[in-house]
Amino acid sequence: MFIMRGSRGIRFALEIQKRNHHSVGIIGAPFCKGQRRDGVEKGPDLIRSAGLVEKLKGQGCSVRDYGNLKFENVPDDEPIGKVLRPRSVGRANEQLADAVRAIKKDGHTCVMLGGDHSLAIGSILGHAASRKELCVVWVDAHADINTPLTTLTGNIHGQPVSYLIRELHPKIPVMQGFSWIKPCISARDIIYIGLRDVDPEEHYILKYLGVKFFSMTEVDRLGIAKVMEETCDHIFSKVKRPIHLSYDIDALDPSVSPATGTPVVGGLSYREGIYITEQICQTGMLSALDLVEVNPKLGRTEAEISSTATAAVDVILGCFGRFREGSHAPDYRMPTP
């Protein structure tokens, strides 16, 4: 037990308490229709069952869990061009945008538990409706910036960024279910970390728009500390502004988080993945977080499912001031009078 005495100890203990106090609003989005594999809709409840709420409270956060959204089935949801299930995805994201907007109005940092990554459309649009001048940190093995015209699979979880960026708006065809969507960020407002599986068309879009990104090659070359230093320099080049962190669990190496739909070897280590969240937390500007693509149905064993769920919880805890030295802050007890 570590004991600090005197007024200095009181001030230090109060500072620790203040630093760890975050007001967190959790919304579950059990949605799978942005891609073809079922099971990812079970992600929100799996993450909760791994102790998310209790652990957040244990490290000093106040937490309100808004439960799970209920998504209606959309009949006759035929493809539009190559895009699969557009009406289902559009309607679910509109519903999610309203929920995120309400959570931000209540004064919380919003944590959206997915579900697949198509949900970032609604999460970021809802956030942008209440917090202007957002920047987005997108941690992912994939760029998810295909357009409806460049997509190879038709899955909207590989396209969400393209609907959000103003510069790509002329390239997005009109689609039923998407008329409510208005781009809310510019290409300079988003930065990627962890890319290692990018389609040729996506690579062209990133380069054409001048989007800042760190592939795993660059993470290896620079080290994660330098990557995060440059990330913060980029997003705060003019003024500090709210951060939306969109974190796909497949950014982590499959040895850490195997129960996900599109795992790609050579990803972020556990330590690198958590370091990103710690640095985002230290900026004091995190305003919303997506944690997506946890799919317990794709874990081959209970150990793989548990490992993925634990990694998801730890990512979220890192965003809210978790001490990696232990699950709780040190016990700064005052001396007995």
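As the structure is a prediction and not an experimental result, all values here were calculated from the model.
Summarising the local packing, NZ of Lys105 is surrounded by 12 or fewer heavy atoms from other residues, nucleotides or ligands at distances under 6.0 Å. Annotation for Arg48: atom CZ counts as buried by contact number, over 12 foreign heavy atoms lying within 6.0 Å. The number of heavy atoms from other shown groups lying within 6.0 Å of CD (Glu54) is above 12. Within a 6.0 Å sphere centred on CZ of Arg166, heavy atoms belonging to other residues, nucleotides or ligands number more than 12. For NZ of Lys171, the number of neighbouring non-hydrogen atoms (other residues, nucleotides, ligands) closer than 6.0 Å is 12 at most.
Interatomic distance, CD1 of Ile193 versus OG1 of Thr231, reported as 4.0 Å (0.5 Å rounding). Distance check, rounded to the nearest 0.5 Å: CZ of Arg85 to SG of Cys32 gives 6.5 Å. Between atom OG1 of residue Thr283 and atom CE of residue Met228 there is a gap of 8.5 Å, rounded to the nearest 0.5 Å. Note that the NE2 atom of His157 and the NE2 atom of His142 stand 7.5 Å from one another [nearest 0.5 Å]. Here the straight-line distance linking atom CG of Leu113 with atom CD1 of Ile27 works out to 9.0 Å at 0.5 Å rounding.
In summary, Asp77 and Lys33 do not engage in a salt bridge, as defined by a charged side-chain N under 4.0 Å from a carboxylate O.
Contact between Leu134 and Arg241 at its shortest, heavy atoms only, is O-NH1, 3.3 Å. Of all heavy-atom pairs between Ser123 and Val100, the closest is O-CG1, 3.7 Å. Shortest non-hydrogen contact noted between Ala120 and Ser246 is CB-OG, 3.9 Å. The two residues Thr308 and Ala259 come nearest to each other via the heavy atoms OG1-N, 3.0 Å. The two atoms that bring Asp144 and Glu202 nearest to each other are N-OE2, 3.1 Å, heavy atoms only. Taking all atoms of both residues into account, the shortest heavy-atom contact from Val265 to Pro254 is CA-CD, 3.8 Å.
Residues meeting the side-chain hydrogen bond (donor to acceptor under 3.5 Å, both in side chains) test with Asn93, sequence neighbours left out: none. Here Glu201 pairs with nothing under the salt bridge (charged side-chain N to carboxylate O under 4.0 Å, His left out) rule; sequence neighbours left out. Looking at residues two or more places apart in sequence or on another chain, you find a salt bridge (charged side-chain N to carboxylate O under 4.0 Å, His left out) between Lys226 and Glu229. Shown here are the side-chain hydrogen bond (donor to acceptor under 3.5 Å, both in side chains) partners of Gln176, two or more places apart in sequence or in another chain: Arg87. Residues satisfying the ring pair (Phe, Tyr, Trp, His ring centres under 6.0 Å) test with Phe214, not counting sequence neighbours, are none. Under the rule for a ring pair (Phe, Tyr, Trp, His ring centres under 6.0 Å), Phe236 has no partner lying at least two apart in sequence or in another chain. Every salt bridge (charged side-chain N to carboxylate O under 4.0 Å, His left out) that Arg300 has, sequence neighbours left out, goes to Glu304. In this structure, the ring pair (Phe, Tyr, Trp, His ring centres under 6.0 Å) partners of His117, at least two apart in sequence or on a different chain, are Trp138.
A heavy-atom distance below 4.5 Å is not found between the side chains of Leu268 and Asp253. Within the 4.5 Å cutoff, the side chain of Val264 has no heavy atoms near those of the Asp250 side chain. Inter-residue side-chain proximity for Val313 and Ile47 is flagged as met; some heavy-atom pair is nearer than 4.5 Å. Counting heavy atoms from C-beta on, the side chains of Leu209 and Ile205 come closer than 4.5 Å.
Sorted by first and then second residue, the ring-ring contact (aromatic ring centres under 6.0 Å, His included) pairs with a member in residues 158-182 read Tyr163-Phe178; sequence neighbours excluded. Each salt bridge (Lys or Arg N to Asp or Glu O under 4.0 Å) pair with one or both residues in residues 287-298, not counting sequence neighbours, appears once here: Asp38-Lys297. Within the structure, the ring-ring contact (aromatic ring centres under 6.0 Å, His included) test picks out no pair touching residues 250-279 (sequence neighbours left out). Listed by first and then second residue, the ring-ring contact (aromatic ring centres under 6.0 Å, His included) pairs that reach into residues 27-48 are Phe31-Phe71, sequence neighbours excluded.
Side-chain N or O atoms of Ser269 include one that pairs as donor or acceptor with a backbone N or O of Glu272 at under 3.5 Å.
By the criterion of side-chain heavy atoms lying less than 4.5 angstrom apart, applied directly or through intervening Ile, Leu, Val, Met, Phe, Trp or Tyr residues, Met216 is not grouped with Tyr192; the two fall into different hydrophobic clusters. Linking Ile, Leu, Val, Met, Phe, Trp and Tyr residues whenever their side-chain heavy atoms come within less than 4.5 Å places Ile280 and Ile224 in a single cluster. Hydrophobic cluster membership is shared by Leu289 and Ile191, with clusters built from Ile, Leu, Val, Met, Phe, Trp and Tyr side chains linked at under 4.5 angstrom.
Lys104 and Ser287 share a side-chain donor-acceptor pair at under 3.5 Å.
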Chi angles and distances behind the side-chain contact (heavy atoms from CB on, under 4.5 Å) call for Val315, Leu291: CA-CA 8 Å; Val315 164; Leu291 196 293; 3.8 Å; yes

